[in-house]
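Encoded as structure tokens, the structure appears first; notes follow it.
No experiment lies behind these values; they were computed from the predicted model shown. Numbers restart at 1 for each chain; the letters A, B, ... are given by sequence-line order, proteins then strands.
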Number of protein chains: 2
Amino acid sequence: MADINSSAKTTPQTAGGEAATAAGGAPRDAEAAWDIIELLFFAYRDFVGDPDAVLLKYAFGRAHHRVLHFVNRNPGMKVADLLDILNITKQSLGRVLKQLVDQGFIVQKEGAQDRRQRLLYATPKGEALSLKLAQLQTERINRAFGELGPGAHEAARRFLTAMIDGDNREGVLRQIARADRAKTRG
Amino acid sequence: MADINSSAKTTPQTAGGEAATAAGGAPRDAEAAWDIIELLFFAYRDFVGDPDAVLLKYAFGRAHHRVLHFVNRNPGMKVADLLDILNITKQSLGRVLKQLVDQGFIVQKEGAQDRRQRLLYATPKGEALSLKLAQLQTERINRAFGELGPGAHEAARRFLTAMIDGDNREGVLRQIARADRAKTRG
DNA sequence: AAAATATGTCAACATGGCTGACATAAATTC
DNA sequence: GAATTTATGTCAGCCATGTTGACATATTTT
């Protein structure tokens, strides 16, 4: 962002500071939380931008990244579960998934109990790429937590969790916890 | 997300788990910050999903939302500034901007000093829509801050700020502060 | 045997990114 | 004052990734 301030000279009138959140607590209800809305926009923009350069070398996009990420984190997950997480149609998923399979980043295995299922697994190659991308993003996260004090990780986790749809939240947390176990051990 | 747990064989325990961040500080460097990466994904997905239903009624998409949002927040901003914020090309911007102008949500006025500029302003109609969308998102944000204790707003602001590219951060903060002044009075 | 489920596929279309080339008017520079 | 640079717009086409709808196949469930 070169310079969003170049037009700054004329516009502002009186100084005003501390408009929305006066002292300690929540903003006045009528007042929109502009700061968080915009910070979230910029933070997320930079956050998802990190892996782009790497993905470019593989001729992959963000769609591939998302698929690879969740498959790697949830070895043996069903296609339907992935669709639910990504909130896209099977046709959209099909395209990128096919490329990831064709190029050896993901394999599909027939389900043991239910042989209709095509369970998804990252190959070593896929796991390596997924990890590489995650660590790029982790660098940014750790840099942030390093700038902030201790407790920042927990605070961020609580904030982000509270931002998730209530009816999703438990499922998401379970999914994260489960994936942690799956990947931490082996 | 219907059910990402259908394939969850065992019972989950507590979320979060001490896996990555032992005690006070930053995670072990080798460990990717999976939890934050995924929470950010889900939180942002739900966050930007809120306005979609409203936008549908106007036959607008997220691109329109972003443009309208920043124009409303920065009355009189230059086209070039908007391009910098959105990180897109003028051709991409042109398409959605034209629709917003044609349908009376944004007006362009010739710059006073520099008559090449087409300064952007939200019309009352545009301001109303922008506010409506922002308040949808604000509901989610305030609900989150309500669930968390006091200080959550400040903690979130600090976390999100720290997640922004270092060379962007000051500009972003200035932009937010300036917009607050411009819109609070106005 | 019939119905439901998990997955895949074909075809068409929409949105919103992109590049490249070029046009216009106004400001700036020589 | 002519030449150049800047701010913006526009045409044309391409690409990635989302959508809907219809249909196919194998397998499980009823």
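Side-chain atoms of Arg95(B) do not come within 3.5 Å of backbone N or O of Lys90(B) as any donor-acceptor pair. Judged by distance alone, the side chain of Thr138(A) and the main-chain N or O of Ala33(B) form a donor-acceptor pair under 3.5 Å. Remark: the backbone N or O of Ile88(A) is not paired with any side-chain donor or acceptor of Ser92(A) at under 3.5 angstrom. Under the 3.5 Å distance criterion, the side-chain polar atoms of Arg118(B) are left unmatched by any main-chain donor or acceptor of Val79(B). Formation of a donor-acceptor pair under 3.5 Å by the Arg178(B) side chain with backbone atoms of Leu173(B) is not found in this model. Using modelled atom types, no side-chain atom of Asp81(B) and backbone atom of Met77(B) make a donor-acceptor pair closer than 3.5 Å.
Note: Tyr44(B) and Tyr44(A) have parallel aromatic rings, judged against thresholds of 30 and 60 degrees for the angle between ring planes.
Within residues 110-118 of chain A, the residues that place at least one heavy atom under 4.0 Å from DNA chain C are, in residue-number order, Arg116(A), Gln117(A), Arg118(A). Within residues 46-57 of chain A, no residue has any heavy atom closer than 4.0 Å to DNA chain C.
With a 4.5 Å cut-off on side-chain heavy atoms, Ile37(B) and His69(A) count as touching. Two residues are said to be in side-chain contact when any heavy atoms from C-beta on lie closer than 4.5 Å; Met163(A) and Phe42(B) fail this criterion.
With rounding to whole Å, Gln108(B) atom CD is found 15 Å from dA25(C) atom C1'. With rounding to whole Å, Leu83(A) atom CG is found 13 Å from dT9(C) atom P. Here the C1' atom of nucleotide dT7(C) and the CG atom of Asp84(A) are 14 Å apart, to the nearest Å. The distance between atom CG of Leu86(A) and atom P of dT7(C), rounded to the nearest whole Å, is 14 Å.
The aromatic ring centroids of Phe47(B) and Phe159(A) lie 6.0 Å or more from each other.
Think of Tyr121(A) as one node in a network of Ile, Leu, Val, Met, Phe, Trp and Tyr side chains linked at under 4.5 Å; its network also takes in Val107(A), Leu119(A).
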Spell out protein contact along nucleotides 17-25 of chain D as letters: B when the base is contacted, S when just the sugar-phosphate is, - when no protein heavy atom is under 4.0 Å; keep the 5' to 3' order. BBBBBB---
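The end-to-end axis angle of the helix from dA1(C)-dT30(D) to dC30(C)-dG1(D), rounded to 10 degrees and based on five pairs per end, is 20°.
Side-chain polar atoms of His153(B) and Asp35(A) form a donor-acceptor pair below 3.5 angstrom.
Remark: Arg116(B) pairs with Asp114(B) by the side-chain contact (heavy atoms from CB on, under 4.5 Å) rule, at least two apart or across chains.
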